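For reference, the structure is listed below as structure tokens.
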Amino acid sequence: MASEAVTLTVDGPQGAREVRISSPSRVLWPEPGITKLDLAHYIVDVGAAFVAANGDRPVSLQRFPDGIGGEQFFSKNPPKGAPEYVRAVPVVYPSGRSHPQLVIDEPAGAVWAVQMNTVVFHPWPSRAENSDNPDELRIDLDPQPGTDFDDAIPAAIELRSLLAEVGLTAFVKTSGNRGLHVFAPIEPVHEFLEVRHAVIAAVRELERRMPKKVTTAWWKEERGERVFLDFNQANRDRTMAGAYSPRALAHAPVSCPLDWEELENTDPKLLTIGTVPERLKNTGDPWARIHDEPGTIDGLLGWWARDVAAGLGELPFPPDFPKMPGEPPRVQPSRARTQP
């Protein structure tokens, strides 16, 4: 029997391309019955906004060959047989090793990624030709047990105000789960470690202003019922789901850009593969102008210098990173040896 397949015509800046989707009836999200072909159509529908947010960046593909309940893995470099309109650029990982990483430049590239069973797209905060210098400052607001999406909202609003004090314009999107992602466009003139320090300065200041509501504590046992401000998403090769990327959760949610004015009335569970295309058509893309006026992190680096002078320096890096200068010990507090 001939293999089941369909071909989609995908418009883009280089004209229309034909993208073959094999096994189009494969169910990726069992609960709503969303198939691989449904996902491909979703990407076509949001294609221009998706590429504006995630294109021209190194990207990692989170792939689920047997649907979201099965095994998963990440692809970073183009596999054999990738079409000519999918390119790669060399990037440097935390180990110091350099390797080519995928770049999506047009909607057809994202649809091809769906053909490869990609569900979640993880773009870097830097551009393909300047991958060492981020052009986005990103902060992940992650509600901890006992808190929820509604607890992240006031933290995001205060963070927006805080960033405005240092000349940065903040944009917000749902994480696709219970949290929020706050982005600020920045001039790509600082490398990752400096941007990390700017993020740490921002979240420390937010923690001072909302100590009962948010925390920078890296160890889960110290966070309590607060929203965790994940500063480690600012590191090299650390990414979060991109704008308009689906998430591998049962109801097929999307990490969806919002206008600040609608944030307090948003139910993230309603922003799904099934609803976001119509929303985008009716309301437009809240992030359409995100990179029109990038700011600088100079003000945040001033706060970082102030905190260092006061005895506050580095925070822990992710466990798979090499030991970094000035980093505190990577020992979970409950497992640390007590001193006699």
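All figures in this text were calculated on a predicted structure; none of them were measured in a lab.
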Next on the checklist: Please check if the number of heavy atoms outside Lys323 that lie under 6.0 Å from its NZ is greater than 12.
Outcome noted: yes

Next on the checklist: Parallel, tilted or perpendicular, judged at 30° and 60°: which one describes the rings of Phe121 and Phe50?
Outcome noted: perpendicular

Checklist entry - Do you see a donor-acceptor pair shorter than 3.5 Å between the side chains of Arg196 and Asn232? => result yes

Next on the checklist: Is a donor from one side chain sitting under 3.5 angstrom from an acceptor on the other, for Asn54 and Tyr244?
Outcome noted: no

Checklist entry - Does atom NZ of Lys213 have more than 12 heavy-atom neighbours from other groups under 6.0 Å away? => result no

Checklist entry - Given side chains that start at C-beta, do those of Pro107 and Val10 come closer than 4.5 Å, heavy atoms only? => result yes

Checklist entry - Is the closest basic N to carboxylate O distance between Arg87 and Asp56 below 4.0 Å? => result yes

Next on the checklist: Are Phe317 and Pro94 packed together at the side-chain level, in the sense that at least one heavy-atom pair is separated by less than 4.5 angstrom?
Outcome noted: no

Item to check | Glu207 with Arg204: basic N within carboxylate O range, under 4.0 Å | outcome: no

Item to check | Pro83 side chain near Arg17 side chain, heavy-atom distance below 4.5 Å | outcome: no

Item to check | Cation over ring face, Arg238 and Phe321, 6.0 Å, 45° | outcome: no

Checklist entry - Would the number of heavy atoms belonging to other residues, nucleotides or ligands and lying under 6.0 Å from CZ of Arg289 be above 12? => result no

Next on the checklist: With side-chain contact (heavy atoms from CB on, under 4.5 Å) as the criterion, how do Arg236 and Asp132 come out once you've worked through the C-alpha distance, each side chain's angles and the decisive distance to 0.1 Å?
Outcome noted: CA-CA 8 Å; Arg236 182 184 294 273; Asp132 292 328; 2.9 Å; yes

Checklist outcome for this item: Closest heavy-atom pair, Ala16 versus Thr9, reported as atoms and distance to 0.1 Å, is CB-CG2, 3.8 Å

Next on the checklist: Distance alone, cut at 3.5 Å: any donor-acceptor contact between the side chains of Glu4 and Ser23?
Outcome noted: no

Checklist entry - Are more than 12 heavy atoms from other residues, nucleotides or ligands located less than 6.0 Å from atom CD of Glu18? => result yes

Checklist entry - Take atom CD in Glu293; do more than 12 heavy atoms of anything else shown fall under 6.0 Å from it? => result no

Checklist entry - Do Val254 and Tyr42 come close enough that some side-chain heavy atom pair is under 4.5 Å? => result yes

Checklist entry - Side chains of Thr118 and Gln62: is there a donor and an acceptor less than 3.5 Å apart? => result no

Checklist entry - Taking the inter-plane angle between the rings of Trp287 and Phe183 on a 0 to 90° scale, is it parallel (under 30°), tilted (30 to 60°) or perpendicular (over 60°)? => result tilted

